[in-house]
Number of protein chains: 4
Amino acid sequence: MTDSVNRRTRASQKRQRLVAAAARVLHEQGVERTTLADIAREAEVPVGNVYYYFKTKDDLVLAALSEHRAYLAGLTGRLEELADPRERLKGLVEAWVEQREVAARRGCPTGTLAVELDKRADGTLDAEAGAVIRELLDWAGAQFRALGMADPEGLALTLVSAYQGMSLLANALREPEVMSREGDRLLARLDALRAPDGQL
Amino acid sequence: MTDSVNRRTRASQKRQRLVAAAARVLHEQGVERTTLADIAREAEVPVGNVYYYFKTKDDLVLAALSEHRAYLAGLTGRLEELADPRERLKGLVEAWVEQREVAARRGCPTGTLAVELDKRADGTLDAEAGAVIRELLDWAGAQFRALGMADPEGLALTLVSAYQGMSLLANALREPEVMSREGDRLLARLDALRAPDGQL
Amino acid sequence: MTDSVNRRTRASQKRQRLVAAAARVLHEQGVERTTLADIAREAEVPVGNVYYYFKTKDDLVLAALSEHRAYLAGLTGRLEELADPRERLKGLVEAWVEQREVAARRGCPTGTLAVELDKRADGTLDAEAGAVIRELLDWAGAQFRALGMADPEGLALTLVSAYQGMSLLANALREPEVMSREGDRLLARLDALRAPDGQL
Amino acid sequence: MTDSVNRRTRASQKRQRLVAAAARVLHEQGVERTTLADIAREAEVPVGNVYYYFKTKDDLVLAALSEHRAYLAGLTGRLEELADPRERLKGLVEAWVEQREVAARRGCPTGTLAVELDKRADGTLDAEAGAVIRELLDWAGAQFRALGMADPEGLALTLVSAYQGMSLLANALREPEVMSREGDRLLARLDALRAPDGQL
DNA sequence: GATGAATGAGCGTTCATTCAT
DNA sequence: GATGAATGAACGCTCATTCAT
């Protein structure tokens, strides 16, 4: 490995460290309560250096959203190794339930970010948050379609909406059990879904 | 009416104006993006005067939560005039759908507040937000119990979770139709709910 | 004097102190090298308090320009007590020469401000600086017109241009004598100006 | 041509590009509003590389002043091909008027630089700006002396002062016509200058 | 009780300069 | 020699909170 590659690698590592730290800290503390110093400290990068990689704080928030999008892509990618779309959807729900402790403490990373960003007058960032959620909707819709359901988009909406709802309640009530309980219900519904016009 | 009563009345009017303004502005802009000056301006009260009624900004946030709680109490109170618990629950869902434009623009007042407050290290305020949501859960649970359902708390959880989920999605996607669509689904489910072990 | 008047008076005193300090410090150090802390310190006002009176640093610069405009108005006002327009113009030149030490150290307050502000992309403030200079041009033009000169505006332009030129040179060369020397020349020219089509 | 010469040549090209860019950008934006990155970008040189050629930003400012001095030397050099000193001086004024658009937009490069540098506590750079102006004074003085005038330095001062004044006014008022008007006046004066004790 | 004014800690951002390779 | 990356001090500005009257 040449020096130049070495340098580039270290640099992207730092950038990546910043993005990961941003995703983590923004999820924990929210956008407005998180200072750049918080993120820099978490990433072990001097504050001034952050601006070498990101022009503004909002740029970092955007990068954190991409990180969440990438996490989601990884998850759905792995699920697509399953042959049965129904199993894929159930796998998604199981992944949600597995995250129940995090959800109870901090909520859904993308969902809570979307809530906070939607309070802004400028709609640039909240559109991005919406896009990440839409990607999940699209993936779920594709699975329902593969199952031969009549209204795949509607079912996807119900599923993702249920996820956001249970995450919010688990968080607001500080009860991870909300995730297990509603998760179980969703799993049963997915199993029971047989007729093309079935509902969740 | 004596002067002292006059004074007390005028004072509580000011207080009430502040609380109403806080509820409105905090819902619109979120807690962190809202300054005391914003609320004071909206309430037409001088900034310095706010501290006569509320010791801190957090006190005002608390008061705004009470306002939402009171709004909720008013709504459920009116619904209790209906004899059939099923009709009461359907009335609740209809009220949610009626607010679809607001939900798409700003989300559920209590839910978005809960999300933001849960990001805090100090759990005082977010417990209060949780309590408001819990009150709604309790009321819904009571209706399901009155209907003779086997798991009234579980059904209430599913119902309120669905509401928070659809509000969040409507808001994130900026689509009020999400509220109508999911609302219709919930109404149909409530109608179909007959056996004691039925599910939403 | 009532308390309320007292309060208002103290407040405007503070504002006035800030404006005077701004005019002084901005003249000495220039706009870009002057920090708000510099001005606040000079005015003996806490930094944060500056923003109660001025929304931005540029607002303070604007106020400093008004201060220079006011100074100019005071000077020309006093000169108008002289009956002969020629004497008024000579009085103006004498006032310039009296300021020779200041001019050699810092240049003309308005002129140097105009130079610095003209470097900005946004032309709001530099237009204001231009307006102050134009006011001086207008006043001088009126005097030449009263003297019955054929081209009063042209003469005014030459006079004010000579002032700005000699201030700049005195400043750049750090030689107050430039002001005396050119001042004497201008006085002689004003005296010699008799025919309506005469030139400075 | 050996490689070492090649290298030295390429290096000085880079240096020269930086100096030219500095002169241009500093004239446009002023010293304080210009970042090293601005100059580096304009010169198409990597930022970090600037410090190979110039120890500090001030060094670059100094180099920009030398560039202006060189431009001036070139101009006066060409004018010296004229036999008559009077024609040389008139050629100088004509050159000024030709630059009227630039003057109206940005002022005299050296004059505005001098104004800005004179605001500094450290007098090193402003002395250099003064030296460039003094060089012009000297050259003009030599021409007046060659014309047999009694007070060549005084006449030079008046001439250069007129130039700086008209540039400043043209700039502050954003009126190139100021340059033409005052330029014409100076040309007429130079023509009318016959007696040894004549004045501009 | 009421309120304009005051306060200071802290934030996002910039930039000349230095460093490691 | 060359350069992308790093650094930290400083700036303009905001705002919850307090104070004086």
Side-chain angles (χ1 to χ4, degrees), chain A residues 2-8 10-15 32-40 45-60, chain B residues 4 7-8 10-11 14 32-40 45-60, chain C residues 2-8 10-15 32-40 45-60, chain D residues 3-4 7-8 10-11 14-15 32-40 45-60:
Chain A
T2 71
D3 278 6
S4 97
V5 168
N6 235 331
R7 243 182 289 123
R8 203 174 312 148
R10 189 143 358 121
S12 347
Q13 276 178 352
K14 216 166 187 177
R15 203 196 130 91
E32 305 295 339
R33 293 185 78 86
T34 297
T35 69
L36 278 179
D38 288 338
I39 296 174
V45 164
V47 204
N49 198 3
V50 174
Y51 282 85
Y52 184 76
Y53 297 98
F54 301 95
K55 279 166 82 88
T56 63
K57 184 185 178 183
D58 277 6
D59 263 22
L60 249 179
Chain B
S4 103
R7 244 182 284 124
R8 203 174 312 148
R10 203 172 327 135
K14 240 178 188 174
E32 305 296 338
R33 295 185 78 87
T34 297
T35 69
L36 275 187
D38 287 339
I39 297 174
V45 165
V47 203
N49 202 355
V50 174
Y51 281 83
Y52 179 71
Y53 299 100
F54 301 94
K55 269 166 70 94
T56 64
K57 184 185 178 184
D58 278 5
D59 270 16
L60 247 179
Chain C
T2 72
D3 277 5
S4 98
V5 168
N6 234 331
R7 242 182 290 124
R8 202 173 313 148
R10 186 142 2 120
S12 347
Q13 276 178 350
K14 216 164 187 178
R15 202 196 131 91
E32 306 294 340
R33 294 186 78 86
T34 298
T35 70
L36 279 180
D38 288 339
I39 297 173
V45 163
V47 204
N49 198 4
V50 173
Y51 283 86
Y52 184 77
Y53 298 99
F54 301 94
K55 277 167 83 85
T56 63
K57 184 184 179 183
D58 278 5
D59 264 22
L60 249 178
Chain D
D3 276 6
S4 101
R7 244 182 285 125
R8 202 174 312 147
R10 204 173 327 136
K14 240 176 189 175
R15 203 195 129 91
E32 304 296 338
R33 296 184 78 87
T34 297
T35 70
L36 275 187
D38 287 339
I39 297 173
V45 166
V47 202
N49 202 355
V50 174
Y51 281 83
Y52 179 72
Y53 299 99
F54 301 94
K55 269 167 70 96
T56 64
K57 183 184 179 184
D58 278 6
D59 269 17
L60 248 178

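Residue numbers start from 1 in every chain, and the chains themselves are labelled A, B, ... in the order their sequence lines are given, proteins ahead of strands. All values derive from a computational prediction rather than experimental measurement.
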Between atom CG in A:D38 and atom C1' in E:dG12, what is the gap in whole Å?
->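 After rounding, the gap between these two atoms is 13 Å.
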Below the 4.0 Å mark, does [N] have OP1 or OP2 next to a side-chain nitrogen or oxygen of [X]?
{"X": "C:Y53", "N": "E:dA5", "answer": "no"}
{"X": "D:K14", "N": "F:dT3", "answer": "yes"}
{"X": "B:Y52", "N": "E:dG1", "answer": "yes"}

Work out which heavy atom in A:Y51 is nearest to a heavy atom in A:L36; give both atom names and the distance.
->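 For A:Y51 versus A:L36, the nearest heavy atoms are OH-CD1, 2.7 Å.
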Heavy-atom pair of closest approach, residues A:A40 and A:P46 |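 For A:A40 and A:P46, the tightest heavy-atom pair comes out as CB-C, 4.4 Å.
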Whenever both distances are under 3.5 Å in a Watson-Crick or G-U wobble pair, mark it; put DNA chain F into dot-bracket that way, with [ ] for crossing pairs and | when the partner is on another strand.
-> .||||||||||||||||||||
Spacing of CG belonging to D:D59 relative to NZ belonging to D:K57, to within rounding of 0.5 Å |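 Nearest 0.5 Å value for the CG-NZ distance: 12.5 Å.
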Test D:R15 against D:F54 for side-chain contact (heavy atoms from CB on, under 4.5 Å), laying out the working first.
-> CA-CA 9 Å; D:R15 203 195 129 91; D:F54 301 94; 3.5 Å; yes
Looking at side-chain heavy atoms only, is the closest gap between C:Y53 and C:N49 below 4.5 Å?
->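 They are in side-chain contact.
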Heavy-atom distance under 4.5 Å between the side chains of D:L60 and D:V50, does that happen here?
->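 Touching, per the 4.5 Å side-chain cut-off.
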Earlier contact from the 5' end, DNA chain F, for D:P46 and A:P46 =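 Taking each residue's closest nucleotide, the earlier one in sequence belongs to D:P46.
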Once base and sugar-phosphate atoms are separated, protein heavy atoms under 4.0 Å mark nucleotides 14-19 of chain E, 5' to 3', with B, S and - as BSSBB-
